[in-house]
Amino acid sequence: MAEILVCDDDRAIVDAIEIYLSQEGHHILKAYDGEEALRKLRDNPVDLLVIDVMMPKLDGIRATLKIREENPLPIIILSAKSEDADKILGLNVGADDYVTKPFNPLELVARVRSQLRRYTQLGAVSQKKANVYETGGLIIDDDRKEVRVDGDTVKLTPIEYRILLFLVKNKGRVFSINQIYENIWNEEDIAADNTVAVHIRHIREKIEINPKEPRYLKVVWGLGYKVEKL
C-alpha cells in the first residue's frame, strides 16, 4: 500500500481518482492547489504525487519545480492540454509521467503502479549498493556481513572481517600496520606488528587462490598493506 497525494482543483476528479486508487489498496491524500500540495508533502510521508497543471495559487509546473528541489518521489502530471510542447515542459521540470485529460482511470492506475514499482526497485538498488563493496571477484555485503570471492562465501572472524572491510572500503590506498591497528582496535598500537600480520595472513589464506602471490590483499614493502583496485 502506498501513500498517494492527488492534487487537482476539480474536486470531482480528485474523488474519482481516490475511488480507483483506493481499490488498489492505496491511501489517498487530497489537495486542491499547488500550495496545499506542498504543505501536505511537508507534513506527510508521500510515495507518489498525481498533480494537475492548471490550478489556482500555484500551478502544477511550478509546484513540481519546487518539489524537485528536495524530493525524488514519482510525479505524474495531469493536464487538459495535449500538445507535445506541454508534455515536454512537464517532463523537463521533473515529472516522471504525463496523462492527458480526459483519461481512462484504468490507464492512470496502471501508470501509478508502474511508477511505484520503478521507484521501489531503484530505491532498493541504491540502498544495496550503498553497503556493498567490491573489487574484482571480491564482494563484501556489509548489511549481511557476508564476504564472497568468485561467488563462493568466505568465513572470516569478526576481526578479519573488519580489517578486510576497512581495506576494501579504501581500496588502492596503502595503510601502515599501525594505521590498521588503530582503525580496527580503536586504541594505540601495542605490539601491532605481530597482531596485524597474523590476521592479514589468515585473511589471505581465505580469500586468495595463492596466498604467496595475492591478487587482492597486497603488501607494499616498507609501507604497509592495501587491497588492490581491480
Side-chain angles (χ1 to χ4, degrees), residues 1-133 139 141-146:
M1 184 183 75
E3 195 86 3
I4 297 175
L5 174 59
V6 179
C7 180
D8 194 309
D9 60 330
D10 188 329
R11 293 174 180 262
I13 289 178
V14 173
D15 291 342
I17 293 174
E18 179 184 26
I19 291 171
Y20 281 93
L21 293 181
S22 295
Q23 290 174 350
E24 291 281 299
H26 304 306
H27 180 258
I28 308 303
L29 295 171
K30 301 177 184 180
Y32 303 103
D33 61 67
E35 291 183 358
E36 186 179 6
L38 293 178
R39 290 196 299 272
K40 290 285 178 71
L41 283 170
R42 283 194 295 266
D43 297 338
N44 300 275
V46 176
D47 300 303
L48 182 142
L49 169 65
V50 178
I51 188 167
D52 186 35
V53 169
M54 300 300 294
M55 292 185 299
K57 296 184 181 179
L58 187 67
D59 63 54
I61 298 296
R62 289 187 295 159
T64 297
L65 278 169
K66 288 182 175 293
I67 292 164
R68 277 292 176 255
E69 292 175 0
E70 56 186 32
N71 197 326
L73 89 168
I75 299 176
I76 299 175
I77 283 185
L78 303 177
S79 177
K81 298 182 178 180
S82 59
E83 290 83 358
D84 287 341
D86 295 308
K87 294 181 181 179
I88 292 170
L89 177 60
L91 296 172
N92 282 344
V93 299
D96 298 280
D97 206 348
Y98 191 108
V99 177
T100 303
K101 296 177 179 178
F103 55 85
N104 183 332
L106 296 180
E107 178 188 357
L108 178 61
V109 168
R111 289 175 184 251
V112 166
R113 188 183 300 131
S114 176
Q115 290 299 327
L116 287 172
R117 182 170 62 248
R118 290 178 188 175
Y119 186 62
T120 302
Q121 289 173 347
L122 286 173
V125 169
S126 298
Q127 185 177 14
K128 179 181 179 182
K129 285 186 176 180
N131 297 299
V132 174
Y133 308 89
I139 300 174
D141 185 333
D142 196 33
D143 286 333
R144 298 182 177 183
K145 306 301 179 189
E146 181 179 85

Result block: side-chain N/O donor-acceptor pairs under 3.5 angstrom for residues 34-41, not counting sequence neighbours:
{"from": "Glu36", "atom 1": "OE1", "to": "Tyr32", "atom 2": "N", "distance (Å)": "2.9"}
{"from": "Lys40", "atom 1": "NZ", "to": "Lys30", "atom 2": "O", "distance (Å)": "2.4"}

Using a 6.0 Å cut-off, check whether atom NZ of Lys57 has over 12 heavy atoms from anything other than its own residue.
no
Output the distance between atom CD1 (Ile17) and atom CD1 (Ile28), rounded to the nearest 0.5 Å.
9.0 Å
Would you check, one step at a time, whether the test side chain to side chain contact (heavy atoms under 4.5 Å, CB included) holds for Leu78 with Phe103?
CA-CA 9 Å; Leu78 303 177; Phe103 55 85; 4.1 Å; yes
Exam field: side chain Arg111 to backbone Leu106, donor-acceptor pair closer than 3.5 Å
no
On a heavy-atom basis, which atom in Ile51 and which in Gly60 lie closest, and how many Å separate them?
CD1-CA, 4.0 Å
Could you pull out all residues at least two apart from Arg144 that satisfy side chain to side chain contact (heavy atoms under 4.5 Å, CB included)?
Asp141, Glu146
Looking only at heavy atoms, which two atoms of Leu73 and Leu49 are closest? And how far apart?
CD1-N, 4.0 Å
Would you mind reporting whether Gln23 and Val109 have side-chain heavy atoms less than 4.5 Å apart?
no
Give a yes or no answer on whether the side chain of Asp96 reaches the backbone of Ile75 with a donor-acceptor pair at less than 3.5 Å.
yes
Nearest heavy-atom pair of Met55 and Cys7: which atoms, and what distance?
SD-SG, 3.4 Å
Nearest atoms (heavy-atom pairs only) where Pro56 meets Asp33:
O-CB, 3.3 Å
Does CD in Glu107 sit with more than 12 non-hydrogen atoms of other residues, nucleotides or ligands closer than 6.0 Å?
yes
On a heavy-atom basis, the closest approach of Thr64 and Val93 is CG2-O, 3.7 Å
Between CG on residue Leu48 and CG on residue Asp97, distance to nearest 0.5 Å
9.5 Å
Separation between CD1 (Ile61) and OG (Ser79), nearest 0.5 Å, reads 7.5 Å
Just how far is it from atom CG of Leu108 to atom CD1 of Ile13, taken to the nearest 0.5 Å?
10.5 Å
Examine distances only and state if a side-chain atom of Asp47 and a backbone atom of Glu3 form a donor-acceptor pair shorter than 3.5 Å.
yes
With a 4.5 Å heavy-atom cut-off, do Glu24 and Val112 have their side chains touching?
no
May I ask you to decide whether Lys101 forms a salt bridge with Asp10, counting only side-chain N to carboxylate O separations under 4.0 Å?
no
If you apply the rule side chain to side chain contact (heavy atoms under 4.5 Å, CB included), what do you find for His26 with Leu116, and how did you get there?
CA-CA 11 Å; His26 304 306; Leu116 287 172; 3.7 Å; yes
